[in-house]
Amino acid sequence: MSNILQELEAKIEGIQSASTSKTNVGVVREIGDGVAKIEGLSGAMLNEMLEFPGGLYGLALNLEETEVGAIILGDYTKISEGDEVKTTGRLLQVPVGKELLGRVVDSLGQPLDGKGPINAKEFYPVEKIAPGIIKRKSVNQPVQTGIMAIDAMVPVGRGQRELIIGDRATGKTTIALDTILNQAKINQAGEASGDPNFRPMYSIYVAIGQKNANIARVIGTLEEHDALKYTVIVAASASDSATNQYIAPFSGASIGEWFMQNGQDAIIVFDDLSKHANAYRQISLLLKRPSGREAYPGDVFYLHSRLLERSARLAEGYGNGSLTAFPIIETQAGDVSAYIATNVISITDGQIYLEADLFFQGIRPAISVGLSVSRVGSAAQIKAMKQVAGKIKGDLAQYRELAAFAQFGSDLDARTKATLERGQRVVELFKQTQYQPMDVQLQAAILWSMQKGYLDSIPVERIKEFQAKLQEFLSTRKESTLAKILAKKQIDEEVEKELTAALEEFKVIFK
Amino acid sequence: MKISREARRAAREMYRLSLVDGRLDTARVKDISDRLVSEKPRSFLEILKEYTRLVRLELANRHAVIESALALSEDESNRILADLKTRFGNDITAEFRVQPGLLAGIRIKVGSDVWDGSVRNRLNTLSQQL
């Protein structure tokens, strides 16, 4: 009996050592512009990685009757006609995890910063289906951007997708950067407090088709404010191939999903999706896919919807984390009704619209009150902010309307005058220097003093000065009151009493 | 040469007609191509080129290329051929090539499927794993 067993084992061993691998191969028929047409490959699957000679890889995007259309990752000039291509049976993957924090990587997760290899333990596929209905939870926790105008009027919640849209050079990237810096600030404070329930918020910045100089500047700013250690930068610059630019946001989303699925929170900035759409258009046209409006392919909507759908807030049993997306779209001459802009507006849960006119008037951040909305974020505001900021948006919109009208006449009734005076002061309050995010408790205290009329007697030109001194006063001498607002998350009678006393005291000092 | 969509469609239709029970029929292929050349319909050259490509691809699917590092003996090649015939049917054609680059072992290619048992392939996999 034992003989037979040995014989069988020997047979299995023989099969294993002699086993040949079955692969599927094809031949490159056409190559150019980062796109290859491959004959054969009858067994290739959609989005499968294909192996070219010389260690190059491609992605099978078009499966046709006798041909496969693939995009090349890397230097396509090394591939020539007649080369043999193999299927790998694998999907494109990127390294994920905390090892990536503080690093600058390309769209495949390879380091670009010269800080050595990334020893990631886990890999996620680049294209992943977004979490379904059961796995999700409603958005009801805030993301503090640290920008008073946004936190008061267009609040963003964890798991939301908030679009930042505006012309070139209106401060879109600055808003995203300010948000990242504020998360770093909150993380540092949270880590210092030693609170075991503190959940840090990590950031992912995906640069798509940006100038290398701009990316370097972003990294420089993050380093300067010690925020890089909470940030992952995925860079596919303008000099990278369209393939890399197309993949970059999906890789970024995978890196973000890891945080989301491991009980952590993250924000992801896609800077910007207009260039991503251009890269995808280039790939699609080269693959000879039928073109639609503005030569974009038919699935350009699905391209962005499947990407942004991946940011979500997950329920307890399914990861208990969140991924908040800040896609950026650049408009041409303020045209929000362009193709890609309307697509992304309809996909996201709100938008922050930046106006060039406001920017040049010196109102920075140049947030347009009328066109900016947040469709879910107000559920995520802390109660203190709701108390003080509830009506600001309406008041400000009313002020804008009246301001245009009031230019023509000087005879105004008392109520109109009061609205104008209040509006001017709110506009001044919302002006904020870049890279100086403000804590939510301070925002609430300042808006409270505005609501209670403490600013009405201050001339408009001195509002900024008043605000700066009040901030300093509150954060150095009334720390306990601010801490109470943060702890209680609301302005109750006790806090209100303390704030009244503080403001009365400050009014005497401020001359 | 750019092949128009109409020519492609016509070639595909011709290719469909040259199949009998899902297999390419030599007589039909000859008949169809003769008729095409004699009747000379619009852009017949394009059609013929595309048709040739489709026939070539189909023929490649029924053709085995057996590469080995050293020339195989008669007995060995017959055994391989017999094995291929039981697997893919009697109409499969085969071609034997000597490829010293494989170092040792054999590599069989049928259509776009490849069974690679060569030492070169194993070394490649090994180097990738390392």
Side-chain angles (χ1 to χ4, degrees), chain A residues 13-30 32 36-45 48-58 60 62-70 74 81-90 93 117 123 286-291, chain B residues 1-5 8-9 11-13 15-16 19 24 49-69 80 83-84 87-88 99 101-102 104-130:
Chain A
E13 213 161 276
I15 290 167
Q16 273 173 348
S17 65
S19 69
T20 52
S21 55
K22 185 193 168 189
T23 47
N24 203 268
V25 297
V27 175
V28 176
R29 278 281 164 256
E30 235 178 80
K37 290 259 176 205
I38 303 150
E39 218 172 60
L41 283 183
S42 56
M45 292 176 285
E48 186 181 353
M49 272 171 89
L50 304 176
E51 195 187 328
F52 289 82
L56 280 168
Y57 286 93
N62 270 13
L63 303 183
E64 287 158 28
E65 208 177 347
T66 55
E67 275 180 337
V68 169
E81 197 198 333
D83 279 354
E84 198 179 80
V85 188
K86 269 196 267 183
T87 57
T88 59
R90 282 183 291 140
Q93 288 185 320
F123 287 82
L286 290 169
L287 284 169
K288 300 210 167 73
R289 289 182 175 179
S291 60
Chain B
M1 188 169 95
K2 175 121 176 62
I3 297 168
S4 69
R5 196 181 295 168
R8 241 178 247 280
R9 200 176 298 144
R12 216 173 304 140
E13 181 69 10
Y15 171 71
R16 211 177 51 77
L19 297 177
L24 212 57
K49 278 201 169 159
E50 178 67 9
Y51 180 66
T52 313
R53 195 177 76 92
L54 292 172
V55 170
R56 175 170 58 77
L57 287 173
E58 177 56 26
L59 285 178
N61 278 337
R62 320 273 337 137
H63 183 72
V65 178
I66 299 127
E67 291 173 324
S68 55
I80 290 171
D83 211 25
L84 285 172
R87 234 174 233 264
F88 296 100
Q99 192 77 262
L102 296 178
I106 55 170
R107 183 179 191 267
I108 302 174
K109 183 174 175 233
V110 181
S112 57
D113 285 330
V114 172
W115 288 266
D116 202 336
S118 68
V119 171
R120 163 62 45 212
N121 180 46
R122 286 190 208 177
L123 286 176
N124 283 347
T125 356
L126 200 66
S127 72
Q128 269 175 8
Q129 279 165 356
L130 294 172

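All chains are named by letter (A, B, ...) in the order of the sequence lines, taking the proteins before the strands, and each is independently numbered beginning at 1. Just so you know, these numbers use all the heavy atoms, side chains as well, and skip hydrogens, waters and symmetry mates.
- To the nearest 0.5 Å, the span separating CG on B:Asn121 from NZ on A:Lys86 amounts to 5.5 Å.
- To the nearest 0.5 Å, atom CD of residue B:Glu50 and atom OG1 of residue A:Thr66 are 6.5 Å apart.
- With A:Ser42 contributing its side chain and B:Ser112 its backbone, the two residues share no donor-acceptor pair below 3.5 Å.
- When the side chain to side chain donor-acceptor pair (under 3.5 Å) test is applied to B:Glu67, the partners found at least two apart in sequence or on another chain are B:Gln99, B:Arg107.
- Considering only residues two or more places apart in sequence or on other chains, B:Glu13 meets the side chain to side chain donor-acceptor pair (under 3.5 Å) condition with B:Arg16.
- Annotation: residues 52-63 of chain B contacts chain A through B:Arg53, B:Leu54, B:Arg56, B:Leu57 [non-hydrogen atoms, separation under 4.5 Å].
- The side chain to side chain donor-acceptor pair (under 3.5 Å) test applied to B:Asp113 returns A:Asn24, not counting sequence neighbours.
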